[in-house]
Amino acid sequence: MHNNELNRLFLHHFELNYIFRVVLEKYYRDAQQRAHIIRVGNAKERYLYFAKTNPGYLDRLPLELVASLLNVKASTLLSIQKNFPGKNRDKELEEWRRKLEQHINKQQSFRHKDIRLQSLAQEIGLSSHKLSILLNGYFNKSFIDYINQYRVNWIKESIRNPDIMQNFTLEALAYSAGFSSRSAFYNSFKKLVGMSPVEYSKNLNKKNVSLTFLLQKYPQKMLLII
């Protein structure tokens, strides 16, 4: 608002002088408090100080605003808050998680090779910042690791299906799952599973062969175990 317009309002509406003074005083008190908070120890100590001096604020304010006030990253604040329950904060995160997983499972967005954090956030109705907080703070994963986990799980399920494995190679499954290259597929699979996809497939086949053999040799006993 232009200064001339503000002065005009003060002249014609005397009560605004009092309202403006109260607002200004509160602004400077809050600014002084923030200047003090950001000098209070580490991130955890700032959080505890804010929670003690402003009861109820943590349950009402969005996480990213509190993080900005305390001069910490939102993901750092989320990690700290995990040790200090907050009903509304947990409810908010749970709602974000539900939206994300429901969309991923229903639309199988992970199978899109060009998927990006920004586009996924837009699809589920969250800001990119909130989605990043959820992935880094709640799931403790980067965006690409989160997406690749879904891709790898999808491939593992496909490998367990003999009909699929008779008609598709591992590389074909990888491309269908959303991986853009063979190396990206093999690196991600080994990182998340602890072995290469070839080793996983061979181990699975060995287990299936052993189970088939036992069923043939001891059908009654195996049926009881199963």
With a sphere of 6.0 Å drawn around CD of Q122, does it hold more than 12 non-hydrogen atoms of other residues, nucleotides or ligands?
no
Within a 6.0 Å radius of atom NZ on K191, are there more than 12 heavy atoms belonging to other residues, nucleotides or ligands?
no
Answer yes or no: is there a side-chain heavy-atom contact under 4.5 Å between Y186 and V198?
yes
For R151 and S188, which I'm curious about, is there any donor-acceptor pair between the side chains at under 3.5 Å?
no
Kindly work out whether a path of hydrophobic side-chain contacts (I/L/V/M/F/W/Y, heavy atoms less than 4.5 Å apart) joins L11 to F20.
no
Quick one: sort the F189 and Y200 rings into parallel, tilted or perpendicular, breaks at 30° and 60°.
perpendicular
Tell me whether M195 is reachable from F185 by hopping between hydrophobic residues (I, L, V, M, F, W, Y) whose side-chain heavy atoms are closer than 4.5 Å.
yes
Assess whether salt bridge (charged side-chain N to carboxylate O under 4.0 Å, His left out) is satisfied between K202 and E199, documenting all intermediate values.
CA-CA 5 Å; K202 286 180 179 178; E199 291 172 326; over 6 Å; no
Examine L192 and L170 and state if one hydrophobic cluster contains both, with Ile, Leu, Val, Met, Phe, Trp and Tyr joined whenever side-chain heavy atoms are less than 4.5 Å apart.
yes
Take atom CZ in F168; do more than 12 heavy atoms of anything else shown fall under 6.0 Å from it?
no
Please answer: with hydrophobic residues joined when any side-chain heavy atoms are less than 4.5 Å apart, are L24 and Y18 in the same cluster?
no
Show, in sequence, the C-alpha distance, side-chain angles and deciding distance for I104 and L120, and conclude whether the side chain to side chain contact (heavy atoms under 4.5 Å, CB included) test is met.
CA-CA 9 Å; I104 288 280; L120 180 59; 4.1 Å; yes
Would R29 count as a cation-pi partner of Y27, with NZ or CZ less than 6.0 Å from the six-membered ring centre and within 45° of the ring normal?
no
In one Ile/Leu/Val/Met/Phe/Trp/Tyr side-chain cluster, 4.5 Å: V22, L6:
no
Taking the basic N atoms (NZ, or NE/NH1/NH2) and the acidic carboxylate oxygens, is any pair closer than 4.0 Å for E25 and R21?
yes
Measure centre to centre between the rings of F179 and Y175, then say whether the value is under 6.0 Å.
no
Do L100 and Y146 come close enough that some side-chain heavy atom pair is under 4.5 Å?
yes
